[in-house]
Amino acid sequence: MAQTRKNGYFQLDVPAVVNSLPVVSNAFSAILEQINELPEKEIITYNVMLAVHEICTNIIEHAYENKGGRIAIDIQLDEQSGVLTVDLFDQGRSFDLANVPQPDLDSAPIRGYGLFLVRELMDDVNYTPNHERNHWRLVKHLFGK
């Protein structure tokens, strides 16, 4: 795992295992802690970390089927505009995001809320499948749109 900073740009490369999630959380917490006037800093940090955890968990469980691999995470923080962009890359199995059903919020299923939750927590969520490298892009406007 490596983390570097260059003009608000950070990179993480972590094993695709659940034990890597605390490392990812700590990185986001440290990055967002740098923004002095971020309103509701704890809530925003928690929401971003939860969204990234959900995507990482989906990569671990579905793309790699719990068989290991790597997750590359590029983080761009533009403090001027207050935009946080998170790009996640994996080389696992891809899928069609359009075919993921919306959860039935009137029932109580145990699974199936992850992508719904990510869409609620982030301002933009995009997925580009590729047989060589899948790409998730999550965008959060830290000071509102």
Side-chain angles (χ1 to χ4, degrees), residues 1-64 66 69-130 133-145:
M1 177 202 64
Q3 180 179 354
T4 57
R5 179 167 198 249
K6 189 173 189 178
N7 298 325
Y9 179 73
F10 303 81
Q11 288 182 302
L12 296 171
D13 185 281
V14 298
V17 295
V18 174
N19 292 345
S20 296
L21 295 178
V23 173
V24 174
S25 291
N26 288 338
F28 277 92
S29 180
I31 291 166
L32 293 172
E33 183 62 33
Q34 297 178 42
I35 304 173
N36 293 326
E37 297 181 22
L38 181 61
E40 300 180 326
K41 186 181 290 193
E42 289 179 15
I43 293 170
I44 290 173
T45 300
Y46 177 81
N47 289 348
V48 168
M49 288 185 336
L50 181 57
V52 172
H53 272 215
E54 285 294 331
I55 296 302
C56 287
T57 300
N58 282 345
I59 291 170
I60 292 165
E61 292 180 358
H62 301 293
Y64 288 121
N66 292 307
R70 305 291 299 180
I71 303 172
I73 305 172
D74 294 345
I75 306 158
Q76 179 70 44
L77 174 61
D78 184 339
E79 290 187 56
Q80 291 272 329
S81 66
V83 175
L84 175 71
T85 304
V86 182
D87 292 297
L88 300 99
F89 301 94
D90 70 81
Q91 294 178 319
R93 186 175 52 131
S94 60
F95 73 103
D96 185 353
L97 184 60
N99 288 335
V100 175
Q102 290 291 325
D104 180 359
L105 300 178
D106 294 327
S107 68
I110 295 177
R111 300 183 61 85
Y113 288 107
L115 292 177
F116 172 80
L117 185 61
V118 171
R119 288 180 176 125
E120 291 296 309
L121 296 172
M122 302 301 285
D123 295 309
D124 295 306
V125 177
N126 294 295
Y127 173 72
T128 306
N130 187 300
R133 193 174 189 201
N134 299 309
H135 176 203
W136 285 93
R137 172 164 278 183
L138 310 178
V139 177
K140 181 71 175 174
H141 298 271
L142 300 173
F143 299 104
K145 272 190 167 179

S.K.: Nearest 0.5 Å, please: how far is CD1 in Ile60 from NE2 in His53?
M.R.: 9.5 Å
S.K.: So which atom in Asp90 and which in Ala63 form the shortest heavy-atom distance, rounded to 0.1 Å?
M.R.: OD1-CB, 3.6 Å
S.K.: Do you know which two heavy atoms are closest between Thr45 and Ser29, and how far apart they sit?
M.R.: CG2-CA, 4.0 Å
S.K.: Starting at CG of Asn47, measure out to CD of Glu120 and round the result to the nearest 0.5 Å.
M.R.: 11.0 Å
S.K.: One pair to check against side-chain contact (heavy atoms from CB on, under 4.5 Å): Trp136 and Thr128. What are the steps and the verdict?
M.R.: CA-CA 6 Å; Trp136 285 93; Thr128 306; over 6 Å; no
S.K.: Leu88 and side chain to side chain contact (heavy atoms under 4.5 Å, CB included): which partner among Val52, Asn58, Val24, Asp74?
M.R.: Val52
S.K.: Would you say Ser25's side chain and Leu21's backbone share a donor-acceptor pair under 3.5 angstrom?
M.R.: yes
S.K.: Going by ring-ring contact (aromatic ring centres under 6.0 Å, His included), name the residues that satisfy it together with His135, two or more places apart in sequence or in a different chain.
M.R.: Phe89
S.K.: Using the side-chain contact (heavy atoms from CB on, under 4.5 Å) rule, take Leu115 and Tyr127 through it: C-alpha gap first, then chi angles, then the decisive distance, then the call.
M.R.: CA-CA 11 Å; Leu115 292 177; Tyr127 173 72; over 6 Å; no
S.K.: Roughly how far, to the nearest 0.5 Å, is the CD1 atom of Ile55 from the CD1 atom of Ile71?
M.R.: 10.0 Å
S.K.: Do Arg137 side-chain atoms and Thr85 backbone N/O form a donor-acceptor pair below 3.5 Å?
M.R.: no
S.K.: What closest approach, in Å, do Glu54 and Gly114 show between heavy atoms, and which atom pair accounts for it?
M.R.: OE1-CA, 3.3 Å
S.K.: Work out which heavy atom in Val118 is nearest to a heavy atom in Ala51; give both atom names and the distance.
M.R.: CG2-O, 3.6 Å
S.K.: After noting the C-alpha distance and the side-chain angles of Asn66 and Val17, does the key distance pass the side-chain contact (heavy atoms from CB on, under 4.5 Å) rule?
M.R.: CA-CA 7 Å; Asn66 292 307; Val17 295; over 6 Å; no
S.K.: Considering non-hydrogen atoms only, spot the tightest contact between Tyr64 and Arg70 and give its length.
M.R.: OH-O, 2.7 Å
S.K.: Would you give the length of the straight line joining atom CG of Leu32 to atom CD1 of Ile44, rounded to the nearest 0.5 angstrom?
M.R.: 8.0 Å
S.K.: Mark yes or no for whether Ser94, through its side chain, and Asn130, through its backbone, hold a donor-acceptor pair below 3.5 Å.
M.R.: no
S.K.: How many angstroms lie between OH in Tyr9 and CG in Asp78, if you round to the nearest 0.5 Å?
M.R.: 14.5 Å
S.K.: If you compare all heavy atoms of Ile73 against all heavy atoms of Cys56, which two are closest, and at what distance to 0.1 Å?
M.R.: CD1-SG, 4.2 Å
S.K.: For Ile35 and Leu77: C-alpha separation, side-chain torsions, deciding distance, then whether side-chain contact (heavy atoms from CB on, under 4.5 Å) applies.
M.R.: CA-CA 10 Å; Ile35 304 173; Leu77 174 61; 3.7 Å; yes
S.K.: In Å and rounded to the nearest 0.5 Å, what is the CG to CD distance from Asn36 to Glu79?
M.R.: 8.0 Å
